[in-house]
Number of protein chains: 2
Amino acid sequence: MNIGAASRRSALPAKTIRYYEEIGLLRPARAENGYRDYCDADIHRLKFLQRARGLGFSVEECRQLLSLYGDSHRASADVKALAATKLDQIEHKIAELRSLKKTLTHLVKTCHGDARPDCPILDELSGASA
Amino acid sequence: MNIGAASRRSALPAKTIRYYEEIGLLRPARAENGYRDYCDADIHRLKFLQRARGLGFSVEECRQLLSLYGDSHRASADVKALAATKLDQIEHKIAELRSLKKTLTHLVKTCHGDARPDCPILDELSGASA
DNA sequence: TGTTGATCTTCCAGTAACTGGAAGGATTAG
DNA sequence: CTAATCCTTCCAGTTACTGGAAGATCAACA
């Protein structure tokens, strides 16, 4: 299977697939014409990457997950720990964004938003109230 | 004022301050010895940048905000629009992270997390349930 | 005066995770 | 046969810094 088909099946851009190969996440075979040739296991791996990246795992974390996945002796505890850590990070990020949203919402509300030159948002940013 | 002091006053690393200068966000004077010399307006600008970045504005958005800030004829509506757009983006990001959190929470809960080799997290990622 | 040690300078390179584009070979459809 | 599409490699750019090397300058102390 060529890279175009692999791209469609994995929902990953061809560029990204080549990039993943470059950084050693997979090693597809080569056809006689030099084209990459993806087998079912490769597609499986690519889909795995697509899902894990979509869940917010970094590429390095994906590499770990893939090695755990490939290791039939690994404990599910290892994977669970990785996922739990990621969950903490996500919660932290959500909290940060909420606080940010609160501040900005306040600013947008108090800004009259017309043609007058005074603006509470810029005042806040410039430290007028600090 | 040297870059070290400017760094302490603005809560920005010296490296970052030099970087901001490099990309044209400010132009501090130079002392005779070649050292950068920051005046109060520069510090003000740096603090502005520090706050705006912390609120999630990109460097380019900060550049816009700074030019609006410097323009006494600008309408507060311009700033409000920028902030409102940013608010939308933040809300979108929060929604994404929540959905992500939901999926991962489910996976972590269903994973027994012991030494057994089967693991619902990897199953899900590998597409076993898809 | 000498000499540390901290601070400053510039420049080069690297990070994450791709993305875009150029130049050129292979394949497929009509 | 030709045109369009797909494939290859390689180089460069993105965002917003961060790290480090090599060398100048400064402040403080004996």
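First the proteins, then the strands, lettered A, B, ... as listed; each starts at 1.
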Chemist: Can you tell if the side chain of A/Tyr19 reaches within under 4.5 Å of the side chain of A/Leu25, non-hydrogen atoms only?
Modeler: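 A/Tyr19 vs A/Leu25: side chains apart.
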Chemist: Can you measure A/Glu61 atom CD to C/dA16 atom C1' for me and round it to whole angstrom units?
Modeler: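 Value for this atom pair: 12 Å.
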Chemist: Grab the CD1-P distance between A/Ile17 and C/dA17 for me, whole Å please.
Modeler: 17 Å
Chemist: Using whole Å, report how far CD1 of A/Ile3 lies from P of C/dA26.
Modeler: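 It is 18 Å, rounded to the nearest whole Å.
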Chemist: Taking the nucleotide of DNA chain D with the closest heavy atom to each, which residue, B/Pro13 or A/Ala14, is nearer the 5' end?
Modeler: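 By nearest-heavy-atom nucleotide position, the 5'-most residue is A/Ala14.
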Chemist: Are any of B/Arg30's side-chain N or O atoms less than 4.0 Å away from OP1 or OP2 of C/dC8?
Modeler: no
Chemist: Name the nucleic acid region contacted by B/Arg18, choosing base, sugar-phosphate or nothing; use a 4.0 angstrom heavy-atom cut-off, strictly under.
Modeler: base
Chemist: B/Tyr20 side chain N/O closer than 4.0 Å to the phosphate oxygens (OP1, OP2) of D/dC17?
Modeler: yes
Chemist: Name the residue closer to the 5' end of DNA chain C, choosing between A/Thr16 and A/Asn33 according to the nucleotide with the nearest heavy atom.
Modeler: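 Counting from the 5' end, the first nearest nucleotide belongs to A/Thr16.
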Chemist: Can a salt bridge be assigned to the pair B/Glu22 and B/Arg36 using a cut-off of 4.0 Å between side-chain N and carboxylate O?
Modeler: no
Chemist: CG of B/Asp37 versus C1' of C/dT7: gap in Å, rounded?
Modeler: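 Nearest whole value for this atom pair: 15 Å.
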Chemist: Rounded to whole angstrom units, what separation is found between the CD atom of B/Glu21 and the P atom of D/dC17?
Modeler: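 It works out to 15 Å between those atoms.
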Chemist: Checking B/Lys86 now: which residues fulfil side-chain hydrogen bond (donor to acceptor under 3.5 Å, both in side chains) with it, not counting sequence neighbours?
Modeler: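 Partners of B/Lys86 under the side-chain hydrogen bond (donor to acceptor under 3.5 Å, both in side chains) test: B/Glu61, B/Gln89.
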Chemist: Expressed as a whole number of angstroms, how long is the span from B/Lys15:NZ to C/dC8:P?
Modeler: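 Distance check: B/Lys15 NZ to C/dC8 P gives 13 Å.
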Chemist: Whether B/Glu21 and B/Arg27 form a salt bridge (side-chain N of Lys/Arg under 4.0 Å from carboxylate O of Asp/Glu) is what I want to check.
Modeler: no
Chemist: Could you state the OH-C1' distance from B/Tyr19 to C/dC12, rounded to the nearest angstrom?
Modeler: 16 Å
Chemist: In whole Å, I'd like the distance from the CZ atom of A/Arg36 to the P atom of C/dG25.
Modeler: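 These atoms are roughly 18 Å apart.
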